[in-house]
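Here's the structure, in structure tokens; my notes come after.
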Amino acid sequence: MASSQDLPKNYDFAEVEERWRSIWRDEDHYFDKNSKKPQFVIDTPPPYPTGNFHIGNALNWCYIDFFARYKRMKGFNVMFPQGWDCHGLPTEVKVEELNHITKNDVSREEFRRMCRELTEKNIGLMRITLRKMAFSTDWSNEYVTMQPKYYGKTQLSFLRMLQSGYIYQSEHPVNYCTRCETAIAFAEVTYEDRETQLNYFDFDGVEIATSRPELLAACVAIAVHPEDKRYHPLKGGTKKVPLFSHDVPVVQDEAVDPAFGSGAVMICTFGDKQDVHWWKLHNLGLRKAIDRQGKMTAIAGKYQGLNTSECRASILADMKAQGILKRQEPLAQRVGTCWRCKTPIEILSERQWFVKIKPAEISEAAHQIKWFPEHMLLRMENWVDQMEWDWCISRQRIFATPIPVWFCKKCGEMTVPEDKDLPVDPTQVSPKHPCKKCGSTDFAGEVDVLDTWMDSSISVLNVTGWDGSGTPPFFPAQIRPQGHDIIRTWAFYTILRSVALTGQKPWDEILVNGMVLGEDGFKMSKSRGNIIVPEEILVKYGADALRQWGAMGAATGSDIMFNWNDVVSASRFQTKMWNITKFALIQLEKEGFDEKAQITALADRWLLVRLSDTVEQVSTALEAYQFDIALKAIREFAWEVLADNYIELVKGRLYKSDESRKGACLALHTAFDALCRLLAPFTPYFAEECYSHLSPGKSVHKQPWVAFTYDDDAARLEGNLLVQVVAEVRKYKHDAGLALNAPLGKVTIYAPHTVNDEGDTGRTLNADVHWRTDVAKLDRVITGIDFNRSVIGPTFRKQAQAFMAAITALSPEQLANPPATIILDGCETAVPENSFTPKYSYMEEGAQVDVITVGDVILTIAKSA
RNA sequence: GGGCUCGUGGUCUAGUUGGCUAUGACGUCGCCUUGACAUGGCGGAGGUCCUGAGUUCGAAUCUCAGCGGGCCCA
């Protein structure tokens, strides 16, 4: 036992946290591939290396670390990997910004190098925050998706899915960002409300309303509702497109809303998703009017080379000039935009690579996974049920995993590399063998690259040891923690890929965390100025306080509003707990504790049974990932049960030096040791510091989880009663204007059972306490009357004094059961309700006493005066 | 427009399968320096559990409708 003299008066989180960070070893958190322990593999989210580990990440990681540490203490072989999801547009954009270039100003290789460099730097910054937060990361299982070791696996997974027919290429309409010059998936489209104009114009005699006149060159049909009588004469006919003069058919479709605009709509390739739908359904032609840069193509004739908004203005002007533009109305519109640059997306038909989406098998796997909270499964179901297109996985960018295929320049045949040659960049190297079909050695490497989700959706395969064949050794993982914002992307794609590559679900369980909102209740954003960064909290209150906020801020799974109050109260709990530590160590240091001491005193038994209850509560909550409930139970036990009640009760006994203090010391030691372990997953620094003083040289994080049980129902009941009795007497003193430690004279407690309190109650109340099991013999006497003047005054006016005199004159029996009427100045007068209350006092064995009742227990306090 | 989710003292929040006086934190008010702690202790005030209807002996909890947030999607 360390000397209590060593303990500083105040808990200095900054000093303690830094000290333990320098002592702890990474090796203690490594997953052991040869272990016989049950495995607990976590499919951790690989964050995007922006350089800032934000508070949403922090919450997510807190959850992961709570159960990682808990599972380790429970004897599991835990893998808590750390990944970095590097590829993607944001970094490309940042590199362009920082270096004042565009991606076309330097070679592909040079541009990639710049991206890698920036990413390395950002990862370095984020690792520092992770370490400060005391996350028990397994750094031996760190992965970086931009490194050859990882993207080789991404390419391998691509080839496997290509071989099994999951991946195909096809010309198909895709969402396309003309600013980023790449196809993007639906998951990357965000919708924004914009105001636009609905233009009514004459289309060869038919009035058409459109918000996108620039697509006139791409018009392939006119659609009307089959029931719309206005347009029956047009059935089966064709119409000439104004300004462009090509003929288009008139088709009929139920989906046309006769009430919108003129009831006739032009179908263009492609204005929106609906156009794609009709285009397929009615087997229409394809007219590409917009190219990858967002410029008008040759079929736009004189408008060629204009961008879409220039073209729109120009076409509207020409329509006006020809007198065919009838009128314009404002129109509120939700427009799909690129999630990154907010440019409205175009739907272009391009040759792209796709992954087949098979909703049934994804849904089946999703149902085999246990979801926390359960309702998050619904979001997955809804997303799966409404899938319309396959997943477009090709991107026309640079900083990403290359698609590992070549095409023969002579015959067009596709060639893929062998597994052992991965990773490859087909734009840099050539295949090792000539074309199988024609023998040519002239190849063109695929320049398209893979969607970033193709990297991150094999995170679980990577950490479980996938090598391209069958089921990986540690697959499936036990749990996937992630936010609900990426259910339709990361969770969805991971399930898809796991099923496609292994035929199995990726994880046993998925734990979905909520979003962190600002203190004002809104999503954190720069424009609102409500962003709180973890670093700020770490500096002001330390990692343990921030972690407590993560646990207690909200029930697991629900969105959580950041709240400084919670951090402050977390920090106060540590102060309180630090003082408990000091007290416990001072007491235990005096004579040590005797492991074999007999626990007999009620307070000691009560503490142990309440501890046993707490351990069970915390363990149950942790098994269900209910961190708020778990930490709340721990705090309540420490603060209320141990500090405010138990220690106050046994203090006096601990100050003595007889046999009776041994039981208290053992109970105190047991509770304190358990508290350190219970706190270990939540506040690793703090728990380690406290435990190191209790058991020098030992780490709390290497101790097993608390297995303490203590079965004593009587102690729970009687102890709770004892605590109540003490509370009532404190209140009595408070009401009497006495200090809480003021001497109280003789107190008699009539309880149903004999209680061995070892004198704790008497010392705590500073009174001469007598426990008795017989029935209290009390005489009630009326010693005065409280008059309610607000009733008597208005009722009796001038007779008020007389009324009170008459009441005072009543006999004690009459006062106890007041008559309905009374004679006042010779008249029988009603006694109003609530006009007075008799004041009682009690006599016990001839002495005046005050009486308090707590359930069945009666307390009498002898009046000292 | 659809789906999910939430609405609890001034603020934030707990509340399994309906069941004692609705939990806790922060704030607020009063009292108290007692040998771990005033970054503390004790006590108090403060609630139409969003609204309305229904089911029930009994509803914060279940059902329906409405109002209002948030998230996701069309």
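Below, read A as the first sequence line, B as the second, and so on, with proteins coming before strands; counting in each chain starts at 1.
In this structure, A/Ile647 reaches the bases: a heavy-atom distance under 4.0 Å links it to at least one base atom across the strands shown. Nucleic acid contact class of A/Leu378 (heavy atoms, under 4.0 Å, all strands): sugar-phosphate only. Contacts of A/Tyr655 with the nucleic acid, taken as non-hydrogen atoms under 4.0 Å apart, include base atoms. Counting any heavy atom pair closer than 4.0 Å across all strands shown, A/Glu648 reaches a base atom. Contact annotation for A/Ala584: no contact, since no heavy-atom pair falls under 4.0 Å across all strands. Using a 4.0 Å heavy-atom distance criterion, A/Asp485 is classed as making no nucleic acid contact.
Minimum atom distance to the side chain of A/Arg379 is reached by B/G70, of the listed B/C12, B/A36, B/G70. Across B/C71, B/G41, B/A14, the shortest atom-to-atom separation from the side chain of A/Asp644 is found for B/G41. Nearest to the side-chain atoms of A/Ser569 among the listed nucleotides B/A25, B/C37, B/G3 stands B/A25. Residue A/Thr575 has its side chain nearest to B/U39 when only B/U39, B/C12, B/C26 are considered. When the nucleotides B/A38, B/A36, B/C26 are ranked by their closest atom to the side chain of A/Asn565, B/C26 comes out on top. Across B/C26, B/G24, B/C37, the shortest atom-to-atom separation from the side chain of A/Lys632 is found for B/G24. In this structure, the nucleotide among B/C37, B/C12, B/A14 sitting nearest to the side chain of A/Asp628 is B/A14. Considering only the side chain of A/Arg730, B/C42 comes nearest among B/C42, B/C26, B/U39. For A/Met561, counting side-chain heavy atoms from C-beta on, the closest listed nucleotide (B/A14, B/U13, B/A38) is B/U13.
With C1' as the reference atom, B/U8 and B/A14 are 10 Å apart, rounded to whole Å. Taking atom C1' in both B/G43 and B/G52, the straight-line distance is 40 Å, to the nearest Å. Rounded to a whole angstrom, the distance from the C1' atom of B/G41 to that of B/C37 is 9 Å. Atom name C1', nucleotides B/A74 and B/G27: the rounded distance is 44 Å, in whole Å. If you take atom P in B/U48 and the same atom in B/A22, they sit 13 Å apart, rounded to whole Å. Here the separation of B/C62 from B/G7, taken at their P atoms, is 10 Å to the nearest Å.
A 4.5 Å side-chain heavy-atom check between A/Ile537 and A/Trp564 finds at least one atom pair inside the cut-off. Side-chain contact between A/Trp578 and A/Lys9: absent, with no pair of heavy atoms (C-beta onward) separated by less than 4.5 Å.
The environment of CD in A/Glu616 is sparse: at most 12 heavy-atom neighbours from other residues, nucleotides or ligands sit within 6.0 Å. Other residues, nucleotides and ligands contribute more than 12 heavy atoms inside 6.0 Å of the NZ atom of A/Lys590.
The partner of B/C71 is B/G3, judged by Watson-Crick or G-U wobble contacts that both fall below 3.5 Å.
A/Arg547 places no side-chain N or O within donor-acceptor distance of the main-chain N or O of A/Thr683, the cut-off being under 3.5 Å.
Between A/Lys733 and B/C31, a side-chain N or O to OP1/OP2 separation shorter than 4.0 Å is absent. Under 4.0 angstrom from either OP1 or OP2 of B/C26 there lies at least one side-chain N or O belonging to A/Arg572.
Between A/Gln587 and A/Trp639, it is A/Gln587 whose nearest contact on RNA chain B lies nearer the 5' terminus.
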